[in-house]
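Notes to accompany the following structure.
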Number of protein chains: 2
Amino acid sequence: MIHIIILNIFTENSIIFKYSELTFNMLLDMKRKDIDIPTCVHCKNSNGKGLLCCLPESDKQLLSENKCHRYYKKGEVIFLEGNHANGIFCLYKGKVKLVKLGKEGKEQIVRLSKEGDILGYRSLLSADVYQATAVALDDSYICHISKDIFLQTIKSNPTLSFEIIQLLSSDLKNAEQHLINFTQKTVKERISEAILLLASTFGYLIDGKTINIKMNRSEIAEMASTTTESAIRTLSALQEEGMISLNGKYIVIHNMKELIRSTHVND
Amino acid sequence: MIHIIILNIFTENSIIFKYSELTFNMLLDMKRKDIDIPTCVHCKNSNGKGLLCCLPESDKQLLSENKCHRYYKKGEVIFLEGNHANGIFCLYKGKVKLVKLGKEGKEQIVRLSKEGDILGYRSLLSADVYQATAVALDDSYICHISKDIFLQTIKSNPTLSFEIIQLLSSDLKNAEQHLINFTQKTVKERISEAILLLASTFGYLIDGKTINIKMNRSEIAEMASTTTESAIRTLSALQEEGMISLNGKYIVIHNMKELIRSTHVND
DNA sequence: TCAATATTATGATATGTATCATGTTTTTAA
DNA sequence: TTAAAAACATGATACATATCATAATATTGA
């Protein structure tokens with residue numbers, strides 16, 4: 001029996017174990033977990049387009065000195081809907097989904113995040129609880145900046161406020177467009193939209209057509225707000241029409257033009 | 001024949017007519033249109049809780065000097081989805097709906113606005129086109145503040161930025177909650193939600209139970225994202241269950257507790 | 001005031017999609 | 001490697017709600 005006790009999820013992991021019982025896989029895991037995370041000053045993640053990129057070096061330095069980071073295994077929860085926000089998360093590496101719990105435990109994916117994205121800022125800014133649960137879609141490295149430091153940085157940087165406004169505006173726009181999509185489109189149109197969203201968010205593998213994310217059918221169903229069975233049927237149908245092909249948990253796009261058309265058949 | 005040519009909807013109405021052909025109704029109309037709009041300094045509309053209330057008097061004065069206002073008859077369009085934003089609208093008096101055009105011309109009400117609310121700020125802030133069309137639900141008086149003046153005011157008032165962030169955050173939260181509602185709830189649950197939203201937005205008449213808005217069945221359908229026929233049937237059902245009664249275009253709430261319960265039957 | 005038009009109402013039918021059932025394949029863990 | 005569990009797949013059926021049709025009211029404008 002191996003005992004792993006995580007003492008505090010927001011500071012560095014503190015793990016108690018017996019060395020003698022470490023397996024090869026655990027050692028591999030630790031090696032993977034042990035990567036170098038640069039300071040905010042040197043972080044090249046969002047190519048100057050990220051939320052915090054507008055900050056002067058001194059502020060980035062301040063954030064770096066006060067941030068902490070953690071490794072999240074695929075499937076691990078980063079924060080829970082209903083919990084109080086006490087900082088923002090910055091996704092250094094990995095992929096994250098934001099899910100909201102609906103009725104009868106049915107989940108709905110409301111947003112996707114990739115490297116360089118900021119999570120949990122909305123709840124923090126409106127001093128609210130998290131409105132969704134963040135789950136790692138892939139092994140991820142995520143930095144955490146405390147509430148105090150972040151709010152202090154906003155106060156001293158009007159440009160940051162403006163960046164936040166831009167980000168919120170764009171999220172709001174997407175959310176409202178989403179609403180129309182989900183209420184007025186068929187399952188097929190919604191599944192097609194979900195595939196396009198995955199592609200535009202996570203990009204492709206080196207072949208240039210396989211979407212760079214492994215998602216199971218029930219997760220795609222959660223994106224398109226339908227049942228797993230309907231998602232399976234619809235994906236098969238799209239495959240038979242030659243628009244996509246299904247390679248295990250990967251989706252390959254073959255006919256982007258037709259796929260885009262199939263998102264708005266009767267507009 | 002009476003010729004009315006509106007030269008510019010953003011400045012004061014410039015109307016060309018022949019005096020001899022003025023009808024009694026037109027004169028009445030002009031009288032109604034001719035109301036006193038206070039300066040932003042003296043505007044008591046949002047009781048200190050509005051977006052612009054945090055501003056110092058000097059800024060409010062500046063806004064006032066540069067604002068213009070216009071009367072919108074019920075049903076008139078204030079701005080159109082797809083048009084470029086060149087200022088913000090502040091609803092002095094009246095009621096407004098924001099509708100988005102879906103497929104096959106089907107409309108969807110995405111937000112409601114009442115006295116003191118600001119409209120069109122999202123598009124302005126992200127230098128975007130309007131994502132929805134604003135239509136007066138009632139005879140309304142709306143002030144318009146130009147882009148330049150508004151952006152200038154933001155720059156010199158960090159508090160205003162923070163207020164805008166709060167507003168956007170809350171809109172985003174609502175939009176994402178809406179998503180869950182519309183995709184996972186039944187027509188009956190959505191219609192009940194729509195009624196509650198109308199009540200919480202526009203309040204009641206003096207009897208304390210008649211919702212202070214006249215809405216036809218197709219507009220309620222647009223709120224709940226269903227068809228007019230289904231809206232009619234569902235409203236009748238709610239009436240038969242004694243939760244509401246229908247008084248022409250007015251809705252009277254009789255059993256608020258049950259109505260709230262009917263918005264989340266299977267949560 | 002009255003005709004024209006829009007809105008409300010209600011019944012019959014069609015249809016997309018959820019649900020249930022069952023079997024196959026893939027993944028996971030000992 | 002193998003058993004157990006999870007994910008994928010597909011068919012049959014049920015059901016909510018859209019669509020179509022038709023009529024009764026209510027509203028509007030000359």
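In this text the structure is predicted, and so the values were computed from the model without any measurement. A note on names: the letters A, B, ... follow the listed sequences, proteins ahead of strands, and every chain is numbered from 1.
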Is any side-chain N or O of [X] closer than 4.0 Å to OP1 or OP2 of [N]?
X      : N      : value
A:T186 : C:dG16 : no
B:R233 : C:dA9  : no
B:K249 : C:dT8  : yes

query: What is the ring orientation for B:Y71 with B:Y141, classed by angle as parallel under 30°, tilted 30 to 60°, or perpendicular over 60°?
result: tilted
Ranking A:I232 and B:G248 by the position along DNA chain D of their nearest nucleotide, the one closer to 5' is A:I232
Worksheet item: Nearest to the side chain of A:E229 - C:dA18, C:dT10, C:dT19?
Response: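 Nearest to the side-chain atoms of A:E229, counting from C-beta on, is C:dT19.
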| Residue A:S230, side-chain atoms from C-beta onward, closest of C:dA9, C:dA18, D:dT17 |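 In terms of side-chain proximity for A:S230, the closest of C:dA9, C:dA18, D:dT17 is C:dA18.
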In whole angstrom, give the distance that lies between atom [atom1] of [X] and atom [atom2] of [N].
X      : N      : atom1 : atom2 : result
A:K214 : D:dA7  : NZ    : P     : 13 Å
A:K185 : D:dA18 : NZ    : C1'   : 19 Å
A:I220 : D:dC8  : CD1   : P     : 8 Å
B:K106 : D:dT17 : NZ    : C1'   : 10 Å
A:N247 : D:dA7  : CG    : P     : 19 Å
A:I191 : C:dA18 : CD1   : P     : 9 Å

So, are [X] and [Y] salt-bridged, with charged N and O less than 4.0 Å apart?
X      : Y      : value
A:E193 : A:K185 : yes
A:K249 : A:E219 : no
A:D139 : A:K93  : no

5'-most contact on DNA chain C (nearest-nucleotide basis), B:T228 vs A:A231, goes to B:T228
dist B:Q131:CD -> B:L98:CG (nearest 0.5 Å) comes out at 11.5 Å
Open item on the list: What contact category does B:T226 fall into here, base, sugar-phosphate, or nothing, at under 4.0 angstrom with non-hydrogen atoms?
Closed with: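 The residue B:T226 makes sugar-phosphate contact but no base contact.
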